[in-house]
Number of protein chains: 2
Amino acid sequence: MSLVVQKYGGSSVADAESIKRVAKRIVAAKRAGNEVVVVVSAMGDTTDELIDLAQQVSPLPEGRELDMLLTSGERISMALLAMAIGSLGVEARSFTGSQAGVITDRVHNRARIIRVTPGRIHKALEEGAIAIVAGFQGVSDDTKDITTLGRGGSDTTAVALAAAMGAEVCEIYTDVDGVYTADPRLVPSARKLAAVRYEEMLELAASGAKILHLRCVEYARRFDVPIHVRSSFSTLEGTWIRNTPEGAEMEQAIIAGVAHDTSEAKITVIGVPDKPGEAARIFRAVADAEINIDMVVQNVSAASTGLTDISFTLPKTDGAKAVNLLDKLKERIGFDSLAYDDQIAKVSLIGAGMKSHPGVTASFFEALAQAGVNAEMISTSEIRISVVCRADSVKPAVTAIHTAFDLDADDEAVVYAGTGR
Amino acid sequence: MSLVVQKYGGSSVADAESIKRVAKRIVAAKRAGNEVVVVVSAMGDTTDELIDLAQQVSPLPEGRELDMLLTSGERISMALLAMAIGSLGVEARSFTGSQAGVITDRVHNRARIIRVTPGRIHKALEEGAIAIVAGFQGVSDDTKDITTLGRGGSDTTAVALAAAMGAEVCEIYTDVDGVYTADPRLVPSARKLAAVRYEEMLELAASGAKILHLRCVEYARRFDVPIHVRSSFSTLEGTWIRNTPEGAEMEQAIIAGVAHDTSEAKITVIGVPDKPGEAARIFRAVADAEINIDMVVQNVSAASTGLTDISFTLPKTDGAKAVNLLDKLKERIGFDSLAYDDQIAKVSLIGAGMKSHPGVTASFFEALAQAGVNAEMISTSEIRISVVCRADSVKPAVTAIHTAFDLDADDEAVVYAGTGR
């Protein structure tokens, strides 16, 4: 008998009807001969509604209490799901993060999993029941306080449980049917990928693909947990995320897909003295405010002035904070002025094959040039090329790159030889 | 420093504004120099809404899962209350029933408290925080599953914590300002009692007074926990429930109050053979169906027939079930017919003083007779007289008895010499 971990997001359990539909699906997996562990998020907008309530009673809710509040959301969905399964004649038992042995550090609202000790889950499975586990939550190792894992937390719970229990697969059910070569809303000819490697999925997630959170993919890669991302509204195969089996390497496609991200802004610090330590000062100040910066470009300084400009991108939501912060440090750092630009977008091409295909970079920039898109900043990794362009150039940029690399559905290119299973 | 346990019901924390109001009250108790433990119910109609959701996904939800579901209600209210207190500059920490050490048996939906081990609550108090505890819930001793205590559960949690921690008082906050000599909606001249003894409160609760659940009063009596029932909407003294101090006995009033109950129905089993064991058969059948019967009357059998009639009262909600049950046993028990009557009411006079005042029973029936109310069934305890009458006689019956025993507010009789504290 093989062990399957399934994770259902909030949109899959948004109301009683959805819960009953998901229950049938879970029971089918059990009746097909699997041991089934289900991780579930809070119903629909529950979490947002609870945060709204919290803000009504307190301008700055304590982290511990916010976690206590938010974890009620999964408690509701998991109990209802267990009942719905029970009414189909199959026993299901729900477990909180704490009961499931999800042990975390004590950082409220964005705790990290330290270890998983799923003794009660194993026992439930041995006794023939389906185990339903609250996603997103755990209990702190030392203080025994309830914690939450932050964004993407339920996916991480599912992968962590799958890793700890040696599951054959972690199925992530969502409202789309897999990972595409580009966002289908932007590029109608985008194709669903049958499979993608962990490192590619990490770059896709980091470059704006919203289907899986970075942290969950990192966890899966570390413990080599195969993820199957699929729709809870159909029975179609979705996208497998896993390492390519040995020997399949030669069939590997060059490119996985094109991702874009319009959630970032660009700050340019103008007229910074070009001597050692100045850039460090700027980035230390930003980091101390817990702002994550993404791309960085430093101009070659003008010989005549000894001054340079430093540009970096960061989440738009942190934009105002960063500008205020830097403005206060203007004298100390000794720069001329700040420019803030939130009309930018990042477009990225991702593919493990580009390591060994030197022509990719050239083709990428040729495609951009032909589409009339100007690259304002450039950054690359071994398997990714990203550029920052004007926000209104996103669609032509992504479309041009998608076509240039033969990703469009019409030509039926096999992007990746893996066919799932 | 004295320890106070406060309990707030669902109507006291129905929305964000109410929660902020209650938070101020709790902070005031803390600033007055007390150690404060707060027990809280779910917000407003949350529990009913959750039960409704459960019924949408399952016709007969599993007890374990229903408890998991319902306990999310207090989790929400207690976290919000802790945040609201925090925003007033006082630290508050919320604890689930399990975290607070409320250990129960494993009977889901109506668990009984086995013991309370409030180590984390003590620690929170020692560290200067207010402790907020989820009412109504606990964790089973052996299976470590989440349980709920059933009706009146939050009151019971509060009294149990007060007992385990040696609190000076358990304050039960509700939407009325105390215990009255009769239901003020029925008898406008009813007066608030300054104090009432445990045994009287038990009889009042058993006779239809809804302010406190029987179980919570039983617990308080067993552990001698003084209860102060009061309104969360005013700062008036409410009603104290406790034993009369030694020496105050002589000032004890005869009567505490008049209670009524219109939630019961009467079943009469007609033509039962009057031989040993027949009544037992009837009551065993009813008891096996977990139906609680209240009053019982057996007529003297007619010498000519050797048959008798047996009447008993039971909750209306169990009426149909009991009638069906008995109908099926008609042949085996050998009775003629069944009569079902749900147009009845029970009216009760309660007072510890009646033990030593033989005139009470006579005055009680004289008052009923003068009001033209016919008593259909009668039952008494040491400190209570109850009659069953027609449902539409409730108001004249209660009013007449209330007046006959000098309970009306106008004459300003001192019902009970205790004046609170």
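Letters A, B, ... are given to chains in the order of the sequence lines, protein chains preceding strands, and every chain is numbered from 1. When reading the values below, keep in mind they use all heavy atoms of this one structure, side chains included, and skip hydrogens, waters and symmetry mates.
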Novice: Given side chains that start at C-beta, do those of Thr96(B) and Met68(A) come closer than 4.5 Å, heavy atoms only?
Specialist: yes
Novice: With a 4.5 angstrom heavy-atom cut-off, is it the side chain or the backbone of Ala92(A) that approaches chain B, or both, or neither?
Specialist: backbone
Novice: Check whether Ser77(B) gets within reach of chain A through its side chain, its backbone, both or neither, counting any heavy atom under 4.5 Å.
Specialist: neither
Novice: Are any of the side-chain heavy atoms of Ile132(B) and Glu65(A) separated by less than 4.5 Å?
Specialist: no
Novice: What parts of residues 107-119 of chain B touch chain A if we use heavy atoms and a cut-off under 4.5 Å?
Specialist: none
Novice: With a 4.5 Å heavy-atom cut-off, do Arg64(B) and Arg93(A) have their side chains touching?
Specialist: yes
Novice: I'd like to know which of Ser98(B), Gly86(B), Ala84(B) tops the heavy-atom pair count under 4.5 Å against chain A.
Specialist: Ala84(B)
Novice: Can you confirm whether Asp145(B) sits close enough to Arg120(A) that some side-chain heavy atom of one is under 4.5 Å from a side-chain heavy atom of the other?
Specialist: yes
Novice: For Glu91(A), which atoms come within 4.5 Å of any heavy atom of chain B: side chain, backbone, both, or neither?
Specialist: neither
Novice: Could you check which of Gly73(B), Pro59(B), Ala23(B), Ser94(B) has the highest count of heavy-atom pairs closer than 4.5 Å to chain A?
Specialist: Ser94(B)
Novice: Does any heavy atom of chain A fall under 4.5 Å from the side chain of Thr143(B), the backbone, both, or neither of them?
Specialist: backbone
Novice: Tell me the residues of residues 42-58 of chain A whose non-hydrogen atoms fall below 4.5 Å from those of chain B, in number order.
Specialist: Met43(A), Leu50(A), Leu53(A), Ala54(A), Gln56(A), Val57(A), Ser58(A)
Novice: Which region of Ile85(A), side chain (C-beta onward) or backbone (N, CA, C, O), has a non-hydrogen atom less than 4.5 Å from a non-hydrogen atom of chain B, or is it both or neither?
Specialist: neither
Novice: In this structure, are over 12 heavy atoms from other groups packed under 6.0 Å from Glu127(B) atom CD?
Specialist: yes
Novice: Can you tell which of Glu74(B), Met83(B), Met78(B) has the highest number of heavy-atom pairs within less than 4.5 Å of chain A?
Specialist: Met83(B)
Novice: With a 4.5 angstrom heavy-atom cut-off, which part of Ile19(A) approaches chain B: side chain, backbone, both or neither?
Specialist: side chain
Novice: For Leu88(B), is it the side chain, the backbone, both, or neither that has a heavy atom closer than 4.5 Å to a heavy atom of chain A?
Specialist: neither
